[in-house]
Amino acid sequence: MVDADVKTKCFISEKKQPYLYMKVSLTIDGEDVGQLTPVQYKYLIMQALKETLGQIGASYTVDLLKLSSNGVALLRLPRGYSDKLWAALTMYGATPAKRRCAFRVLQVSPFLMGLVVDSRWQQ
Amino acid sequence: MAAPVYTDMNVLRQPNLSDVIDLGIELGFEQFAINYVVSSLQGGKGKKNEKLIVPPPAEVLLNDESVRSIQKRCASFKQLSRLTAVLEDASNTHRLGAADIQAYDIIAVQVTNEKTFQLACSTLDVDIICFNLSESLGFSLKRAMINLAAKRGIHFEIVYSPALQENTVKRNTISNAMSLIRAGGGKNVIISSGSEQPIDLRSPYDVINLARLFGLSHSQAKDAICRNCRAVLKHAESRKTCKSVVSVIKSSNLSVKEQWVLHQKNTREDSKKTDADMDSSEEDNTEDAHGNLMDSDCEAEMSDALEEPEKKKIKL
Amino acid sequence: MATSIQNATFLFHNYSLGERTDKEQSVVLNRYFNHALTVILPGASVIPHPVLECFSDQLAYRLHRLPLYRLIEIPFIQAFVKKGAVHMMSVNTKLDTSDCVAVTPSGCLLLHLTKDTYEQLGLEARKQTYHEKISDIYVVQINLLADHFRPGKKGYDRVLWCLKDRLDLAFNFLVAWEPHDDKVCSSSLGVYFAEKCPRVERVAQEKTSRVFTSLPCPKIDAVQPEGSEDGCHYQEVFEWLGAVACGIDITSEDTGPDSYTSTLACPDPKYNCPRGCVFQVSGFITPQTVLKVWKTLREYTACHPRKLADQPDCAWVCRQPRHSQAGCTQFLCLWR
Amino acid sequence: MVRFKNRYILCEVVFPDKKKEIPRIDTKSVYFAVRDAILDAHGDYGLGAVQFSLSVKYLNIKTNIIIIRVERKHLNIVASSVVFIKKVASHNIIMKTLHVGGSIRACQKFLISYHKKNLPLLYSGCETEEQRAKVMQSIVEACDDLQNLTSRTKLTAPDSSSALNNLMSDD
């Protein structure tokens with residue numbers, strides 16, 4: 001409902017946004033990542049966190065917002081710990097089944113809207 | 001000199017090298033140093049006189065054809081040859097000065113104990129010092145030594161790909177990288193993949209973030225895969241041009257775009273006293289020509305490439 | 001990309017329908033380079049046709065390897081910079097490691113140079129600072145519209161010489177032109193550059209639209225956007241909009257506060273929207289087009305009061321020298 | 001010259017199982033217990049960050065007081081992990097963090113005042129007259145010390161090991 005007598009206002013948020021959103025792609029050596037269910041995908045993320053950051057690292061809420069069929073996922077991380085969580089994903093190199101794997105971050109944004117399109121165009 | 005681009009200073013020479021580089025380019029790297037590792041500077045074990053055989057850099061690098069096909073996709077792609085020698089002891093280090101080793105773009109040594117570490121930091125003429133980060137070092141990294149090496153323009157390398165596989169290795173890598181960064185204050189560090197397989201590679205931004213985990217600030221982390229790599233290249237270049245960052249070329253060899261230097265000089269001769277003795281008719285050097293326009297900046301660049309005051313200037 | 005996450009401020013403008021101000025226009029017009037535009041219309045089953053029409057007459061070109069000195073040639077300045085708004089920026093250049101160039105509608109040529117290029121080029125520049133930190137980026141600003149910027153003057157000759165004779169600077173550009181005079185076709189820019197660089201091609205606009213059914217939507221309190229009993233906080237709403245634009249399914253059982261995979265949910269209070277649509281255009285979009293879309297939507301929303309239209313114009317600051325906050329992406333959320 | 005700043009965590013090992021004799025623990029087993037706890041709570045990053053500086057500096061087997069050294073920057077990692085230690089060398093234990101100090105001396109000072117405060121508790125637990133008299137004497141001494149403390153602003157640090165041993169021998 002739009003009120004006619006609402007005055008034009010500008011709000012400026014705090015500098016630190018509560019979340020960090022990122023687009024990551026997962027590759028597993030010799031395996032089709034498209035077959036992974038969201039639960040499996042999330043499990044791998046939790047493994048990655050647990051390995052590098054331990055139980056405390058695994059206790060941060062990392063949300064798997066969307067999983068595409070090519071192993072690309074949208075994640076939401078708490079802002080304050082995003083550096084460590086990101087590094088933990090980077091450092092993850094082998095799945096529990098001893099297959100080599102890699103999480104690679106494609107895009108990062110403090111707003112979910114920023115991940116709608118990638119403006120770094122490829123030719 | 002090329003602008004600082006994202007560089008991976010350590011890609012191992014092995015059969016599926018081109019796959020690694022393909023992926024590296026896709027991820028955003030533009031420069032790669034292809035690494036050839038010499039496990040010992042001594043040749044064969046049996047005979048004393050048997051010499052170490054080092055392949056010429058051309059054999060290590062990708063051939064022209066594949067370079068051209070890569071450059072179609074990424075115009076700024078560049079490959080560099082790098083030789084890493086593992087130093088078990090202080091003997092045979094003179095081999096590093098031999099022509100076949102000097103033919104490589106970058107020369108690195110992997111130190112294994114305190115003695116070789118000190119030697120490499122203080123006297124050896126190398127560009128990069130690396131460690132086996134997957135085990136505990138067994139000696140302490142002295143700040144004085146690291147500062148000395150930094151002063152000589154030598155960089156320290158952190159290789160991340162071994163850490164991706166095993167937990168103990170990961171832990172030791174983090175620990176060693178942190179103590180290296182703590183001792184050196186985060187200066188003169190480069191981070192490279194050391195990858196054998198494409199799956200070991202991470203994108204530049206991942207690496208920057210990883211470097212922050214090791215204790216670098218954001219700008220230092222970026223420098224670690226960007227500006228410091230260029231500094232390594234400049235240092236390597238200086239090794240070839242009689243230990244100096246000033247190189248001399250004949251004025252007749254100047255390209256058309258650089259010819260202005262000569263005319264500029266003639267009109268401005270009186271403005272610069274220091275340049276008066278450099279007669280521009282015979283020889284000139286491009287670096288100094290910029291000095292005419294922007295002294296301070298040029299000097300800043302020189303010092304960031306090589307912080308070695310006594311070698312900085314050369315009498316012409 | 002990486003630097004962008006350090007500090008990101010979210011600006012939220014709350015406009016009333018009744019009030020007609022120029023403020024909103026300036027907000028849109030000051031974001032020169034736009035890459036994509038997303039329109040979310042809960043309640044509408046199709047994208048209104050007038051919205052689609054807004055994009056039809058905007059042309060954008062991609063120029064391959066255009067030498068930089070072409071941008072300071074007098075014919076270009078006379079014919080285009082002075083007679084319209086030129087939106088031009090280099091592409092496939094990373095703001096943090098390579099040189100970037102842009103021409104703004106205000107007639108300013110901006111060169112974002114790395115230290116190396118700066119030192120070789122020999123033009124006066126100031127050091128770029130952001131977040132109180134000094135970076136290694138140097139910014140050269142050249143006002144193309146200045147009276148004294150013409151051949152024969154010292155300044156012009158110097159710039160021309162630097163760009164033409166000292167360094168071979170050539171970039172790939174994206175360019176769009178909005179002439180002041182409506183009778184002039186904006187395609188003449190493409191024709192002009194066809195002779196100046198190896199290849200010119202039109203930038204295709206990618207349009208996608210999606211229809212959703214039965215979606216929980218947050219309620220909005222226009223008086224108190226910072227959250228109240230019958231309205232969600234604007235940041236929550238913005239997140240929700242992002243989720244809808246990204247095509248995230250927030251209704252499935254997998255998501256919710258107790259879920260293993262994701263805890264994202266529609267903020268409270270909410271209502272269920274039976275249908276809606278998402279429309280997205282990507283390409284090189286001028287602020288004028290954005291404004292046009294917005295004005296169209298305003299009329300549209302006026303007839304359907306229960307509408308929520310927003311345009312996060314994903315301002316492409318990624319390589320936008322002018323507003324560069326180290327490659328951060330700014331958003332503009334206009335809102336009814 | 002910048003030096004590496006450390007923090008020292010003073011902990012008391014409490015044995016929840018009521019047993020006659022107190023189990024013996026050694027520095028090594030405590031070190032590994034701390035190490036495993038860090039690995040579990042903070043993973044490879046946590047351990048990697050502290051393993052350079054982590055060490056068990058002091059262990060008193062009579063009072064079960066330990067001092068753990070760690071680099072100042074990563075104090076949190078260790079301090080938060082110590083809480084999770086349940087076992088040392090197969091004995092059930094609880095780690096009770098008493099104090100965090102910038103030097104061993106600061107910890108020692110704290111420890112002495114801590115023990116002095118706890119002397120009355122010991123008194124009530126004494127079984128023979130002889131012990132009781134000894135503890136009483138210690139309490140009197142401690143009170144004197146405390147008075148001295150208030151009268152003099154500067155504390156002359158007693159020889160740490162002997163002072164501790166004096167207190168311990170009362171047990």
Side-chain angles (χ1 to χ4, degrees), chain A residues 1-23 37-43 45-46 61-68 72-79 82-83 86 105-123, chain C residues 1-2 4-5 7-19 21 23-24 35-36 38 91-92 94 172 220 222-223 225-226 234-235 238-243 245-250 254-255 259-264 280 282 301-302 305-306 312 314 316 318-319 328-329 331 333 336:
Chain A
M1 279 323 162
V2 182
D3 217 336
D5 44 62
V6 178
K7 284 278 172 290
T8 300
K9 258 190 230 164
C10 178
F11 298 89
I12 301 171
S13 75
E14 286 169 25
K15 281 209 163 173
K16 287 256 155 136
Q17 298 298 320
Y19 294 109
L20 183 74
Y21 302 88
M22 55 169 68
K23 200 186 262 179
T37 63
V39 175
Q40 285 168 325
Y41 201 97
K42 170 85 189 220
Y43 175 74
I45 291 171
M46 294 316 280
T61 340
V62 174
D63 291 324
L64 176 67
L65 303 180
K66 187 189 177 185
L67 179 62
S68 314
V72 175
L74 295 180
L75 305 182
R76 180 172 76 164
L77 316 172
R79 178 70 193 80
S82 58
D83 284 1
W86 181 356
V105 176
L106 305 176
Q107 221 185 330
V108 185
S109 169
F111 306 108
L112 191 49
M113 213 41 132
L115 301 184
V116 177
V117 279
D118 188 358
S119 60
R120 288 211 162 158
W121 280 0
Q122 298 301 313
Q123 286 224 295
Chain C
M1 170 165 99
S4 67
I5 57 176
N7 283 313
T9 321
F10 178 61
L11 269 172
F12 171 77
H13 297 264
N14 188 25
Y15 294 119
S16 79
L17 193 67
E19 212 178 352
T21 58
K23 268 188 203 163
E24 56 207 45
H35 171 48
T38 313
V91 275
N92 301 111
K94 285 183 185 135
N172 295 345
I220 297 157
V223 187
E226 281 183 301
Y234 61 89
Q235 271 182 302
F238 189 57
E239 188 185 37
W240 175 84
L241 288 169
C246 286
I248 294 166
D249 187 7
I250 53 169
D254 287 349
T255 59
S259 160
Y260 176 67
T261 50
S262 165
T263 54
L264 180 80
Q280 189 178 308
S282 66
T301 43
R306 222 55 229 233
C314 161
W316 191 14
C318 227
R319 272 145 294 160
C328 92
T329 318
F331 294 97
C333 184
R336 197 92 358 263

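Letters go in sequence order (proteins before strands), and every chain restarts at 1. Atoms considered below: every heavy atom in the structure, side chains included; atoms not considered: hydrogens, waters and symmetry mates. Only a predicted model underlies this, so the values are computations on that prediction, with no experimental measurement involved.
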Legend entry - Per-residue contact mode, Y43(A) against chain C (heavy atom under 4.5 angstrom): both

Inset, instruction - Identify the two heavy atoms, one from C246(C) and one from L112(A), that lie closest to each other, and give their separation to 0.1 Å. - result: SG-O, 3.7 Å

Inset, instruction - Over all heavy atoms of both residues, which pair between Y260(C) and M46(A) is shortest? Give the atoms and the distance, please. - result: OH-CG, 3.6 Å

Inset, instruction - Output the distance between atom CG (L67(A)) and atom CD1 (I248(C)), rounded to the nearest 0.5 Å. - result: 11.5 Å

Inset, instruction - Could you grab the distance from atom OG of S262(C) to atom NZ of K66(A), nearest 0.5 Å is fine? - result: 13.0 Å

Legend entry - Structural part of L74(A) lying under 4.5 Å from a heavy atom of chain C: side chain

Inset, instruction - Return the minimal non-hydrogen interatomic distance between L264(C) and D63(A), and the atom names on each side. - result: N-OD2, 4.2 Å

